[in-house]
Structures are given as C-alpha cells and as structure tokens.
Engineer: 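My structure is below; once you've seen it, I'll send some questions.
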Amino acid sequence: QVQLAESGGGLVQAGGSLRLSCAASGRAFSGYAMGWFRQAPGKEREFVAALTKNGGPTQYADSVKGRFTIFRNNARNTVSLQMNKLIPEDTAVYYCAAKWGAGLWVGVEDYDDWGRGTQVTVSS
C-alpha cells in the first residue's frame, strides 16, 4: 500500500496554469503506475492522465490533451500534473492514484490507492 497526498490546487483565471503534485510514501513508489483523475460537482470521477512506473508511455483524456502534462520523479517519490491553458470546465477536485505493477491504466476501478484530492477552480 502507498499513501498519497496531493498539493498545488487553487484558484486561477482562465488561460492560466497550475502544477499539481502528489507525494507518495510507503511501499516502493517506483513500482507503481500512476494516474490523475478529477471529479466535478454532481459528476462522476473521470480520468485525466496516466503514466507507467518508468515514466512512459503516457496517456491523456481528449479534453486535456495538449494542455496537461503528467510526469514523475521516482527519486523524490512524486508525480505531477502540469496544467496549462486552463478553462472553467477544468474546475474539479483532482486526485492522484496508484496501481502496483506494470502497465498504463485509465479506469477508476483499475487503481488501488488514492489521495484525498486537491481543489482546482478556474474562473472565467
């Protein structure tokens, strides 16, 4: 099991940028595939981005492709999400998630461990 803690959320104007970070502790972080998900009020949690335990390949939701970048630092036990050109529709609570082992995973049900989330609000 791995413990995850997100940070970096906040309020930003449309067109702005934020970088979310997720710090992991516990079991060997380098053995986990990682993902970012988000949940807006009244909506289901949805996939945003994912990468393998080695840092690549990566996969993105169509709605964020070209604007968001996921990357990790296994030496520092962190995974980050750089979000550029933010739009109001990106407003949500953002969660990082971990799945032990190889592969690239995009389903909520695929992941075993979750952080508590960080709020991102994009004003128009």
Side-chain angles (χ1 to χ4, degrees):
Q1 188 177 8
V2 64
Q3 290 75 47
L4 304 172
E6 302 93 339
S7 61
L11 174 64
V12 63
Q13 287 189 331
S17 298
L18 281 175
R19 179 176 293 188
L20 306 183
S21 292
C22 175
S25 60
R27 200 175 178 186
F29 178 69
S30 60
Y32 285 89
M34 299 297 296
W36 283 96
F37 291 77
R38 66 187 182 186
Q39 188 166 16
K43 295 188 176 181
E44 294 187 351
R45 194 169 298 189
E46 65 176 7
F47 169 73
V48 175
L51 78 174
T52 65
K53 63 179 183 176
N54 298 318
T58 58
Q59 189 164 344
Y60 297 90
D62 288 343
S63 59
V64 307
K65 204 171 293 184
R67 301 188 297 121
F68 290 12
T69 304
I70 185 172
F71 56 97
R72 68 190 294 162
N73 185 326
N74 283 347
R76 295 188 175 185
N77 292 352
T78 60
V79 61
S80 300
L81 185 69
Q82 177 66 41
M83 306 186 296
N84 298 328
K85 299 179 181 179
L86 286 160
I87 60 177
E89 290 76 14
D90 294 321
T91 295
V93 177
Y94 284 71
Y95 300 88
C96 69
K99 177 178 175 62
W100 179 258
L104 188 62
W105 306 92
V106 301
V108 171
E109 67 279 4
D110 294 328
Y111 287 84
D112 304 309
D113 299 298
W114 292 82
R116 293 186 175 184
T118 185
Q119 176 71 47
V120 171
T121 302
V122 184
S123 63
S124 57

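The first residue in the sequence is number 1, and the count goes up from there.
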Engineer: Please answer whether the main-chain N or O of Lys53 pairs with a side-chain N or O of Asn74 as donor and acceptor at a distance below 3.5 Å.
Structural biologist: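 Yes, Asn74 side chain to Lys53 backbone: donor-acceptor pair under 3.5 Å.
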
Engineer: So Tyr60 and Arg67, do their side chains get closer than 4.5 Å, heavy atoms only?
Structural biologist: no

Engineer: What closest approach, in Å, do Val122 and Thr91 show between heavy atoms, and which atom pair accounts for it?
Structural biologist: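 For Val122 versus Thr91, the nearest heavy atoms are N-OG1, 2.9 Å.
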
Engineer: So if you build clusters from Ile, Leu, Val, Met, Phe, Trp, Tyr with side-chain heavy-atom gaps below 4.5 Å, do Phe37 and Phe68 land together?
Structural biologist: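 No; tracing contacts between hydrophobic side chains, which count when under 4.5 Å, never links both residues.
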
Engineer: Decide whether Tyr32 and Tyr111 are clustered together by the hydrophobic rule: side chain heavy atoms of Ile, Leu, Val, Met, Phe, Trp, Tyr closer than 4.5 Å, transitively.
Structural biologist: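 Not linked; separate clusters.
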
Engineer: NZ of Lys65: more than 12 outside heavy atoms within 6.0 angstrom?
Structural biologist: yes

Engineer: What distance do Ser30 atom OG and Asn77 atom CG have between them, rounded to the nearest 0.5 Å?
Structural biologist: 8.0 Å

Engineer: Using distance only, find each side-chain donor-acceptor pair of residues 92-110 under 3.5 Å and give its atom names and separation, not counting sequence neighbours.
Structural biologist:
| from | atom 1 | to | atom 2 | distance (Å) |
| --- | --- | --- | --- | --- |
| Tyr94 | OH | Arg38 | NH1 | 2.9 |
| Tyr94 | OH | Asp90 | O | 2.6 |
| Lys99 | NZ | Asp110 | O | 3.4 |
| Trp105 | NE1 | Ala102 | O | 3.2 |
| Asp110 | OD2 | Gly107 | N | 2.9 |

Engineer: Using a 3.5 Å distance criterion without hydrogens, assess whether the side chain of Asn73 forms a donor-acceptor pair with backbone atoms of Ala75.
Structural biologist: yes

Engineer: For the residue pair Met83 and Trp36, establish whether any side-chain heavy-atom pair is separated by less than 4.5 Å.
Structural biologist: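 Not touching, per the 4.5 Å side-chain cut-off.
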
Engineer: Going by atom type alone, with no hydrogens or angles, which donor-acceptor pairs under 3.5 Å involve a side-chain atom of residues 7-26 and a protein atom two or more places apart or on another chain?
Structural biologist:
| from | atom 1 | to | atom 2 | distance (Å) |
| --- | --- | --- | --- | --- |
| Ser17 | OG | Asn84 | OD1 | 2.9 |
| Arg19 | NE | Gln82 | OE1 | 2.7 |
| Arg19 | NH2 | Gln82 | OE1 | 3.2 |

Engineer: According to a hydrophobic-cluster definition based on side-chain heavy atoms being under 4.5 Å apart (Ile, Leu, Val, Met, Phe, Trp, Tyr only), do Phe47 and Trp114 belong together?
Structural biologist: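 In one cluster: yes.
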
Engineer: Could you tell me the separation between the CE atom of Met34 and the OG1 atom of Thr58, rounded to the nearest 0.5 Å?
Structural biologist: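 Rounded to the nearest 0.5 Å, the CE-OG1 separation comes out at 14.5 Å.
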
Engineer: Does Phe29 have Arg72 sitting over its ring (NZ/CZ under 6.0 Å from centre, angle to axis within 45°)?
Structural biologist: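 Judged by the rule (NZ or CZ under 6.0 Å from the ring centre, within 45° of its axis), Arg72 counts as positioned above Phe29.
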
